[in-house]
Amino acid sequence: MSAADWAGRDLGERTVGYDEKDVILYALAVGAQATDLDLVFEDRLRVLPTFGLTLAQWAPDVLAGAGAFDDRAVHGSQTLEVRRPLPRTGALRLSGRVGEVWDKGSAAIFDVIVECEEFTATWSLFAPGLGGFGGERGASRTAPVTRPAGIGAVVRTFPTQAALYRLTGDRHRIHIDPEASARIGQPRPILQGLCTLASTTLVLATEQGAHPADLTALQGRFSGPVLPGDTLEVESWPDGDFELRRDGVPVISDGRAVFA
């Protein structure tokens, strides 16, 4: 079976419920502070839009479980388009499907799309060894654009962050088990890419004078690992573009975060 045969595959529907405790746990996992009462206190609670990604994680897991790719596949990039705020508690009816499958020669990229009334999210999954099937390559990386220096800020991760974020749904062993992380060449468990991305939106909202729950659009390409406890540098521009770096090296590139 070629990677191309997965394009357009229906991944089914699920109704996923949650409550205020789930929302608060998620906010704490991505870096909200105890003083952020509208993120961590049920009396004032607003839901971070990126919380929806934890409710939709089942879809790429279904594709992996069906045998589309093996455990060498990595999360290449993520987009999120927000249509309306998530309720404080409730259940979302989510539908998942495979979008395009791109042929990068040595690898294939699977786009997994999850939709509901509140948002549309797309995972792009990079699967080594599955390219070369004669398909379209898809968009190439854009050439770097010379632009004025942006606004600099710091994103501080914390040592227990990957272990805490696992409780929101991403229980891949590379985020908790040193033996698993060693198999991918990392000295210790790494932080989940979606956790890093969501943590960055909290800082970007502050820089833009916005509330993080007012996020309307998000994208980012994961280009390097982050270890829990790392201090990261984010550079952002007024149009919403950003780049996140670890010791000067990009870990999220082609970033964009837009707030209402």
Side-chain angles (χ1 to χ4, degrees), residues 18 21-34 39-40 48 50-65 68-78 80 107 109-110 112 121 123-129 154-204 218-234 242-255:
Y18 62 93
K21 181 180 177 181
D22 300 314
V23 171
I24 293 170
L25 173 64
Y26 175 81
L28 291 169
V30 300
Q33 302 300 305
L39 297 179
V40 302
L48 292 171
T50 49
F51 172 70
L53 298 175
T54 70
L55 306 178
Q57 180 63 49
W58 59 268
D61 291 344
V62 165
L63 183 60
F69 41 76
D70 59 29
D71 60 5
R72 293 176 298 164
V74 296
H75 193 173
S77 65
Q78 182 71 44
L80 175 66
I109 293 180
F110 295 78
V112 176
W123 280 252
S124 290
L125 306 171
F126 183 87
V154 172
V155 178
R156 302 185 190 278
T157 69
F158 51 92
T160 58
Q161 193 164 13
L164 181 59
Y165 189 86
R166 289 183 77 244
L167 301 182
T168 71
D170 183 350
R171 299 203 174 187
H172 196 295
R173 291 179 178 272
I174 61 174
H175 306 303
I176 194 67
D177 182 358
E179 292 184 0
S181 63
R183 287 194 289 271
I184 63 168
Q186 296 303 316
R188 55 188 174 88
I190 63 174
L191 192 58
Q192 295 88 343
L194 288 182
C195 182
T196 304
L197 187 59
S199 298
T200 304
T201 67
L202 301 185
V203 174
L204 293 173
L218 179 65
Q219 70 180 44
R221 183 170 56 83
F222 304 113
S223 41
V226 173
L227 299 177
D230 281 345
T231 296
L232 311 171
E233 314 90 38
V234 62
F242 73 89
E243 184 171 83
L244 186 69
R245 306 181 186 107
R246 176 191 182 208
D247 297 327
V249 178
V251 293
I252 294 180
S253 52
D254 299 330

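We use all heavy atoms of the structure for the numbers below, so side chains are in, but hydrogens, waters and symmetry mates are not.
Heavy-atom contacts from other residues, nucleotides or ligands closer than 6.0 Å to CZ of Arg188 number more than 12.
The minimum heavy-atom distance linking Phe69 with Ala127 is given by the pair CB-CB, 3.8 Å. In terms of heavy-atom proximity, Pro189 sits nearest to Ser181 at N-OG, 3.3 Å. When all heavy atoms of Phe242 and Ile252 are compared, the closest pair comes out as CE1-CG2, 3.9 Å. Taking every heavy atom of both residues into account, Pro128 and Arg72 meet most closely at O-NH2, 3.3 Å.
The ring pair (Phe, Tyr, Trp, His ring centres under 6.0 Å) test applied to Tyr26 returns Phe51, not counting sequence neighbours.
Considering only heavy atoms from C-beta on, Leu202 comes within 4.5 Å of Leu48 through its side chain. Contact of the Leu194 side chain with the His75 side chain is registered, since non-hydrogen atoms from C-beta on lie closer than 4.5 Å. Within the 4.5 Å cutoff, the side chain of Tyr165 has no heavy atoms near those of the Ile176 side chain. In this structure the side chain of Leu197 never reaches within 4.5 angstrom of the side chain of Thr50, judged on heavy atoms. Residues Pro60 and Leu125 have side chains in contact (heavy-atom distance under 4.5 Å, counting atoms from C-beta outward). No side-chain heavy atom of Ile174 sits less than 4.5 Å from a side-chain heavy atom of Gln186.
Screening Thr231, Leu227, Thr196, Leu191 for a side chain to side chain contact (heavy atoms under 4.5 Å, CB included) with Thr157, the sole residue that qualifies is Leu191.
Atom CD of Glu233 sits about 10.5 Å away from atom CZ of Arg246, to the nearest 0.5 Å. Taken to the nearest 0.5 Å, the CG atom of Asp170 stands 11.0 Å off from the CG atom of Leu53. The distance from atom CZ of Arg245 to atom OG of Ser253, rounded to the nearest 0.5 Å, is 10.0 Å.
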Which side-chain N or O atoms in residues 27-34 pair as donor and acceptor under 3.5 Å with protein atoms at least two apart or in another chain?
{"residue": "Gln33", "atom": "NE2", "partner": "Gly31", "partner atom": "O", "Å": "2.9"}

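Using modelled atom types, one finds a donor on one side chain and an acceptor on the other under 3.5 Å when comparing Gln161 with Ser199.
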Legend entry - From CA spacing to verdict: side-chain contact (heavy atoms from CB on, under 4.5 Å), Val155, Asp230: CA-CA 9 Å; Val155 178; Asp230 281 345; over 6 Å; no

